[in-house]
Amino acid sequence: MTVKLLVPDIGDFEKVEVIELLVKEGQEIKKNDPVITIESDKSSVEIPSIFSGKIESIKVKIGDKVSKGDLILNISSSNQSSSTSKVIPKDTENLIQEAENALKKTQEYKPQIKKKEKSEIIQVIKDGDIDPLETNEWLESLSAVIEKDGNQRAHYLIKELINEAYMEGVNIPYTQNTPYINTIPVNEEKKSSGDQNIERRIRSLIRWNAAAMVVRANKKFPELGGHIGTFASAATLYDVGMNHFWRAKNNKFGGDLVYFQGHSAPGMYARAFLEGRLNEKQLDSFRQEVNPGGLSSYPHPWLMPNFWQFPTVSMGLGPMLAIYQARYMKYLINRGLIKDEGRKVWAFLGDGEMDEPESLGAIGLAAREKLDNLIFVVNCNLQRLDGPVRGNGKIIQELEGIFRGAGWNVIKVIWGSYWDSLLANDKTGHLVKVMNETVDGEYQAMKARDGSYVREKFFGKYPETNELVSSLSDKDIWRLNRGGHDPHKVFAAYDKASKNVGSPTVVIAKTIKGYGMGKGGESVNTTHQTKKLDIDDLMYYRDRFDVPLTDQQVKNIEYYKPDQNSPEIKYIKEKRLQLGGFIPERTTYAKPIKAPPKDIFDNMKVSTGTKEMSTTMALVRMLTNLLRDKNVAPRLVPIIPDEARTFGMEGFFQKIGIYAHEGQKYEPEDSAQLSSYREEKSGQVLEEGINEAGAMSSWIAAGTSYTNHDIEMIPIYLFYSMFGFQRIGDFAWAGADSQSRGFLIGATAGRTTLAGEGLQHQDGHSHLLASTIPNCVSYDPTFHYELAVIFREGLRRMHEKKENVFFYITTMNENYSHPSMPKDKSCEEGILKGMYKIKEFNKYKKTKIQFLGSGAILREMIAGAEILQKEYQIDSEVWSVTSFNELRRDGLEVERYNLLNPDKEPKKSFVEKCLGKTEGPILAASDYMRMNSDQIRPYVDKSFYSLGTDGFGRSDTRKNLRKFFEVDKEHVVTYGLSILAKEQLIASKYAKEAIKKYKIDTNKPMPTKL
Ligand SMILES: Cc1ncc(C[n+]2csc(CCOP(=O)(O)OP(=O)(O)O)c2C)c(N)n1
Ligand SMILES: [Mg+2]
């Protein structure tokens, strides 16, 4: 049966050009195979077949303009069921007409929309009521109270009931906050199977060695710094995880991912020392990283690539990165790229750190996406650097409310086991009352004093609480521990957190900053910066944790490591063996992705003729091509912060789907259209909403997939270039530290290219920001073939050769036609190294000038050069500079080599190789600040001038903006003439004439002043 494939609903577009035929006559195709690509002035989209079968005839050709309902091809359909077509009766003209009309209606493209699943009926009848009579009694009592004593009283009673229920273990949130006690009641605590005595001894040694390495480093070089107090407060939180919960990556399991709090790094080194992974010499080179083997101050994968996995020390990045990591893990699982092994992401955070907007900024997403593979542990030592986090309030309660409100599972670990009996005896509720009433400033002060102070200031508040502790000595009172220092309580919390289903968990643990440091820095406002301990402090610390060192050894600040065969070392190793290996450890077993053949981009190396398009559109075309490459396609992770339509990427919605963990529960408004908004559980696009920090976090998760999930992925994050490095610079830095591989695409780039958007949108410096990141390779291409060469090289370097760099490429939204790639063999090399000659005007052989143009401004340069030749008989050479940044890097390296090798033949920088033998002065320009092109000034021994877009952007037409910033062709001509005059190569009158001719206001202030 013959069926007709028609152009589906393509939204508001009409007469859209066919740019590719993806099938041939006679070819067998399957339903959903793309058959043609059409392209509007904004985007290109593939049209899939809605039938399977053999193509009988193709009714369109490249260049045709098509609209909805036009016939694309005839198919001899093999799929009876999917075919809704009717055979056209051949008998009469009338019947044919009728049948055609019917076909038009029935064969119009209808995307496959999953039927909305029937929502479950919510049972409104009180199903759980096992005793309605009793319920009635309660309700009647309540009514009676309201009637007799009023609303206030009723409210009070309900509150008391809820509190009582909570105390009894009914842990179901009724309010934002629960009382200031542990979430897990004593009778529900899961007991650890570990040997508590040996674990305490191990923990004490780790504490000691962590402190010792900081003190030793600072004794040698007081400038080195370091932290003791942070890890001292968190040691138990880490140890319980290390001994019982965190499973390492090995050949059987993908491994849990742990984000360690940056300032607790010494504790991780100290454990690795006991585990035999680090030696004394390495501990002694803590914070001395210049020579190989040193230990980095904080977790930095760049500096310790086999150890650290996640950079966290810039506060706030860790929490957000961890959330997106957990989400990305689910993405990989839902796309079928990794197995679901129940792996977890743990993130350790400081309570002070929670004030960073990023720390809380993505917790809604974590709950929304039901990330039950995510566990936050907030170490609430109540202090940050300068003082209390919430002196007048309670950080634990505040965080509880925020996380509960966002839908997290909250587990508070406030009080240690010594409090259990006191709380059990608190018959009048006064103890919990004092706990609730005491503010963090008081809690902190108490731990900086002693037991008698606590008796007076805390228990002394009410006779009932005083009475509770009447039989305890001051020493006993001092021993009443905080939950975060009690391995039993921490174990129970972690156990519950790991088993939680359907939501992320936050463990909020109360600790003491500088725990065990005594007067050397326990719970005092200066704890954070304590890095030196005097002998008395060290003796105290040793005694406090029973470290088996002699006084002399303490004086020498010796490390302590028990014998290999000691129970402690055996225990620590055995525990890690049971959990699959060591943590942290950074490894990768990912297979490289073969870069696609060069010819996949061949269509970008020929001229577009009269067809005009932007480089953004060329990029999207290229990605569409890549989605046809079997190796590359499944590994692409397109990431967009609500700008797909801006960049003409809406075609991706149908083609590869938007990732949504719940699939699509609704029929989208535009379901009849080709580019309908399609969400899918296995969707490939990460559509992040207006959230550049989140999008960047996703990019980092995908860009480090090769190590964290052993699968090489290719993240491509497209954003408004102004909202790139400028907005999320610190994430980009952390991404670089993490050795992320992938593409950042600064779209709508340039100060004068994005005409109407104005000051906040127009980017004149993202390349300079990109240049600050050592492993960021950046390009500002003008033409589609440059883009193709650069992109393929990115794939080859990063994903095939596994080079730890990432690519930043700017693309523009200005439409123009693109020439063919020059035949010159060195062109490709030039594009990648940063410059190549694109045009030569050599007619008059009198006066010459060199023009260097980049990105959007290259075309102004070429136009200017044409005018100079035509109207002034001035020759020129025009160079397309694809990357001033790369040229500068090469220049720096060559210059350094030459200076360090004065007796050797000097090497030539690439700039010098290109420009060394050319004639005339140089004028360079880009759509960025002059500093961009000025970068290569030191590497040319000729007169060098720059034009650029220094100053605030503003909205206007492109033409006006280029005139304003003096980078249009008229200014290129005028400045060109003036430069030649200054160089005494022509008379100055030509420049003066040009100023007049082009109406250039010489009194206009610099754009930076406007
Ligand atoms: C973005 C950022 N700002 C400032 C700092 C400097 N800084 C390091 S630690 C710290 C205090 C940390 O307090 P908290 O989060 O409570 O951690 P704690 O050491 O108490 O566990 C500050 C301000 C930083 N590392 N990152
Ligand atoms: Mg703190």
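First listed ligand is number 1; within each ligand, the first listed atom is number 1.
Side chains of Ser314 and Tyr298: no donor on one and acceptor on the other come within 3.5 Å. Asn379 and Tyr238 share no donor-acceptor pair across their side chains, judged by distance under 3.5 Å alone. Using modelled atom types and a 3.5 Å distance limit, the side chains of Lys412 and Thr178 yield a donor-acceptor pair. Counting only N and O atoms by type, the side chains of Ser503 and Asn409 include no donor and acceptor under 3.5 Å apart.
The shortest heavy-atom contact between Phe286 and Ala217 is O-CB, 4.1 Å.
Taking a cutoff of 4.0 Å between a charged side-chain nitrogen and a carboxylate oxygen, Asp351 and Arg390 do not qualify as a salt bridge. Residues Arg327 and Glu688 are paired through a salt bridge, judged by an N-O separation under 4.0 Å between the basic side chain and the carboxylate.
Interface of Asn381 with ligand 1, defined as ligand atoms under 4.0 Å from a residue heavy atom, comprises 18 (P), 20 (O), 21 (O). Within ligand 1, the atoms closer than 4.0 Å to a non-hydrogen atom of Thr230 are 18 (P), 19 (O), 21 (O), numbered from 1 in the order shown. Atoms of ligand 1 found under 4.0 Å from any heavy atom of Gly352 (numbered from 1 in listed order, with element): 14 (P), 15 (O), 16 (O). Close approach to Val313 involves these atoms of ligand 1, each under 4.0 Å from a residue heavy atom: 24 (C), 25 (N), 26 (N).
Nearest N/O/S atom of Asp351 relative to the Mg ion (ligand 2): this is OD1.
At a cut-off of 2.8 Å, Asn381 coordinates the Mg ion (ligand 2) through an N, O or S atom. At a threshold of 2.8 Å, the Mg ion (ligand 2) has no backbone or side-chain N, O or S atom of Thr230 nearer than that distance.
Relative to the ring axis of Trp478, Lys447 places its NZ or CZ within 45° and under 6.0 Å from the centre.
Shown here, atom 11 (C) of ligand 1 is in close reach of the protein: a heavy atom of it lies under 4.0 Å off.
From the protein, the heavy atom lying nearest to atom 22 (C) of ligand 1 is Leu385 CD1, 3.8 Å. The nearest protein atom to atom 8 (C) of ligand 1, hydrogens excluded, is given as His263 NE2, 2.9 Å; this is a heavy-atom distance. Among protein heavy atoms, the minimum distance from atom 18 (P) of ligand 1 is reached at Lys513 NZ, 3.2 Å. When only non-hydrogen protein atoms are considered, atom 13 (O) of ligand 1 lies nearest to Arg384 CA, 3.5 Å. Nearest protein neighbour of atom 24 (C) of ligand 1, counting heavy atoms only, is Met315 CG, 3.3 Å.
Ligand 1 has at least one atom lying under 4.0 Å from a heavy atom of Gln261. At least one heavy atom of Ser314 sits less than 4.0 Å from an atom of ligand 1. The shortest separation from a heavy atom of Glu356 to ligand 1 is under 4.0 Å, placing the residue in contact.
Ligand 1 has an N or O atom lying under 3.5 Å from an N or O atom of Glu353, backbone or side chain.
The side-chain heavy atoms of Leu237 and His485, taken from C-beta on, include no pair separated by under 4.5 Å.
Atom NZ of Lys219 has 12 or fewer heavy atoms from other residues, nucleotides or ligands within 6.0 Å.
Here the options are Leu686, Ile639, Ile700, the test is side-chain contact (heavy atoms from CB on, under 4.5 Å), and the partner is Tyr717; only Ile639 passes.
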